[in-house]
Chemist: 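One structure, as structure tokens, below. Some questions next.
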Amino acid sequence: MDEIFGIPTPLLFGQLLLGLINGAFYAMLSLGLAVIFGLLNIINFTHGAQFMMGAFVAWMLLNYLGIGYWWALILSPLLVGLTGVILERTMICQLYKMDHLYGMLLTFGLSLIIEGVFRNEYGSSGMPYRIPADLAGAWDLGFMFMPVYRGWVVVFALFACISTWLVIEKTRLGAYLRAATENAPLVQAFGVNVPRMITLTYGAGVALAALAGVLAAPIYSVNPQMGTNLIIVVFAVVVIGGMGSILGSVLTGFGLGIIEGLTKVFYPEASATVIFIIMVIVLLARPAGLFGRA
Amino acid sequence: MAGHSMTSTAAPVGPQQHIFGFTKAQFVALCVMFVALIVAPFFLYPVFLMKLLCFALFACAFNLLIGYVGLTSFGHAAYFGMGGYIAAHSAKVWGLTPEISILIGALLAGVQGAIFGWVAIRRQGIYFAMITLALAQMIYFFCLQAPFTGGEDGIQAVPRGNLFGVISLANDMTMYWFVAAVFVICFLLIHRIVHSPFGQVLKAIRENEPRTTSLGYRTDDYKLVAFILSATVAGVAGGTKSLVFGIATLTDVHWSMSGEVLLMTLVGGLGTVFGPMIGAAVIVAMQNYLAEMGAWVTVIQGFIFIACVLAFRRGIVGEIANLLRVRL
């Protein structure tokens, strides 16, 4: 079987895999956005810049300090998450009493600053990050060659998403978090330090974005614009999925990645716009999003 | 809308006389604006002034939505850029006169606004902003691929043509008077819209949408009409800009343009009559004088955004109006 619907199988599966990888990033980023939105009630426009920072910190660790991929996978989210904590404590925390849109404007301004600084330092051409030796090479699956690193990204992203889901749904900390999302003053009255929880939640959401950035570094070139183009698509993903459900945003992320990959095979002209078109259709049929509550 | 309203600029004002629908203070400011429009080209480079006026008009159109209806569109570049492309195409390929080209551009921007607005007003607040941004990004990709836009090159060497087929606009000074006239007409039109009974309903929606609904107004219809008007005027601004510079490019449909117009309006003062113009002047002047600093301009814009959000929510005109206890 070399062809399906007149499309050569290696091409079809190759694009499916690419779609799955993009989907993994959509899922991780929209998950972080949803967690932050749930508690802080702001849309974190800086998310794309923080994804980019994750990739850059991994690159810097390797090139300036000689610290490799595996350590970067831990250190980069921690460092970028720490910058998130600082941002939350110094600026974002001043906006909770105001209209949601000010949060979006502030984080938009922050993303302009972060991207501008990186563009001044590193230009916009992008830098390569080598695939770690342990994950180099490819498996021959019979119908296609599967680069080991790409398989790793999909598996690890799934693992990260499911862990996040488990933490939020099955642990005591997650229970506090869900309760605070519903009614923060009441949870605070029970003696839970809600402001600290908000800060840590923001830090965790940012760390998740940075983790996605480290995963992306060997696949895409590390460049200052890598986040913004992605984040706008992720906004559409969030609108499609609705931000009410964690698993919903993960499913939507992967699903849309696959649809985008398939579009590249069957109708490449629409591949950049297909997610936005799906967004319009979903808005017309189910304005609250696939998994959202009206 | 929960919490603080986006616009807290209104200073306490007593009963006062109105001159053509402007308060006394606004009328004084209007006179200053007219004098500035007439005097400026004799002191400043006309092309710079035309750029400024195009962006001022764009910001005024944007303010109609964010300032008076409380709808934050994060994708207004789509209407500005599309107006520019269509006007440039009409003038260059179809050889139409400038005023007709701009009108066609505005009309198409309005139609696009009708479709996008119809989709976007299904959600409120933060979702509205994300949806408009996503739709604008769709237009960006469309313009990148569509044959008539010229992709990365854009539409170049667009002729300014002859106004009404008679008056040549090739001279910068003549073009300036034309642009100034377009600006003044649209500015007064927006003022008229805002101060009509229709505009009163828009402001009611901004302050308290459920209550406006309960009074029997179909708020979605009002929001949609405001969206279409705003998109149309943004199209006028984009079309005029493409004729001034003789070029329509992807820059004008890029998301960063949506951010810039938001910044201009925010700096000038959301929901003020003269704020968007002042904000546009500040930002355009800053870009002009700091042009050699390259990417640092974006960084500075980011800092201005943060300063405006954290400390300076009334904007320049809003602060002045508050100091003088008038409405501007």
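Order of the sequence lines sets the chain letters (A, B, ...), proteins ahead of strands, with each chain counted from 1.
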Chemist: Under the side-chain contact (heavy atoms from CB on, under 4.5 Å) criterion, do A/Leu105 and B/Phe74 qualify, and how do the steps go?
Modeler: CA-CA 10 Å; A/Leu105 297 183; B/Phe74 228 108; 4.2 Å; yes

Chemist: Taking the side chain as every heavy atom from C-beta outward, state whether B/Trp118 and A/Leu284 have any pair of such atoms under 4.5 Å apart.
Modeler: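 They are in contact (side-chain heavy atoms under 4.5 Å apart), so the answer is yes.
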
Chemist: Compare every heavy atom of A/Gly289 with every heavy atom of B/Arg123, then report the nearest pair and how far apart it is.
Modeler: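 Result for this residue pair: NH1-N, 4.2 Å.
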
Chemist: Chain A contacts: which residues in residues 296-304 of chain B have a non-hydrogen atom closer than 4.5 Å to it?
Modeler: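 Answer by number: B/Trp296, B/Thr298, B/Val299, B/Gln301, B/Gly302, B/Phe303.
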
Chemist: Out of A/Leu283, A/Thr107, A/Asn120, A/Leu110, which one racks up the most heavy-atom pairs below 4.5 Å with chain B?
Modeler: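 Heavy-atom pairs under 4.5 Å are most numerous for A/Asn120.
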
Chemist: Using a cut-off of under 4.5 Å on heavy-atom pairs, state which of A/Ile232, A/Val239, A/Thr273 scores highest against chain B.
Modeler: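 Option with the greatest count: A/Ile232.
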
Chemist: Give the interface residues of residues 131-146 of chain B toward chain A, defined by a heavy-atom separation under 4.5 Å.
Modeler: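 Against chain A, the residues of residues 131-146 of chain B that fall inside the cut-off (heavy atoms, under 4.5 Å) are B/Ile131, B/Leu133, B/Ala134, B/Leu135, B/Gln137, B/Met138, B/Phe141, B/Gln145.
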
Chemist: Measuring from atom CG of B/Leu270 to atom CG of A/Leu101, what distance do you get when rounded to the nearest 0.5 angstrom?
Modeler: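 Atom-to-atom, B/Leu270:CG and A/Leu101:CG are 10.0 Å apart.
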
Chemist: Check whether A/Leu95 gets within reach of chain B through its side chain, its backbone, both or neither, counting any heavy atom under 4.5 Å.
Modeler: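 For A/Leu95, the contact with chain B is made by the side chain alone.
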
Chemist: Nearest 0.5 Å please: distance from the CE atom of B/Met130 over to the CG atom of A/Leu33.
Modeler: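 Answer rounded to 0.5 Å: 7.5 Å.
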
Chemist: So which residue, A/Asn41, A/Val233, A/Leu112, ends up with the most heavy-atom pairs under 4.5 Å with chain B?
Modeler: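 Maximum pair count with chain B is reached by A/Leu112.
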
Chemist: If you count every heavy atom of other residues, nucleotides or ligands that lies below 6.0 Å from A/Tyr220 atom OH, does the total exceed 12?
Modeler: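 More than 12 within 6.0 Å, yes.
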
Chemist: Which region of A/Phe37, side chain (C-beta onward) or backbone (N, CA, C, O), has a non-hydrogen atom less than 4.5 Å from a non-hydrogen atom of chain B, or is it both or neither?
Modeler: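 It is the side chain, since no backbone atom gets that close.
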
Chemist: For chain B, which of A/Pro287, A/Ser124, A/Gly116, A/Ala270 has the most heavy-atom pairs under 4.5 Å?
Modeler: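 Ranked by contacts with chain B, first place is A/Pro287.
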
Chemist: For A/Phe45 and B/Phe305, I'd like to know if the aromatic rings sit close, meaning centre-to-centre distance below 6.0 Å.
Modeler: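 Distance test on ring centres: not under 6.0 Å, no.
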
Chemist: Shorter than 4.5 Å, heavy atoms on both sides: which option in A/Val280, A/Ile43, A/Ile275 has the most such pairs with chain B?
Modeler: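 The candidate making the most pairs under 4.5 Å is A/Ile43.
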
Chemist: Working to the nearest 0.5 Å, report the span between OH of A/Tyr102 and CG of B/Leu266.
Modeler: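 So the gap between those two atoms works out to 7.0 Å.
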
Chemist: Is any side-chain heavy atom of B/Trp255 closer than 4.5 Å to one of A/Asn229?
Modeler: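 A/Asn229 reaches B/Trp255 side chain to side chain.
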
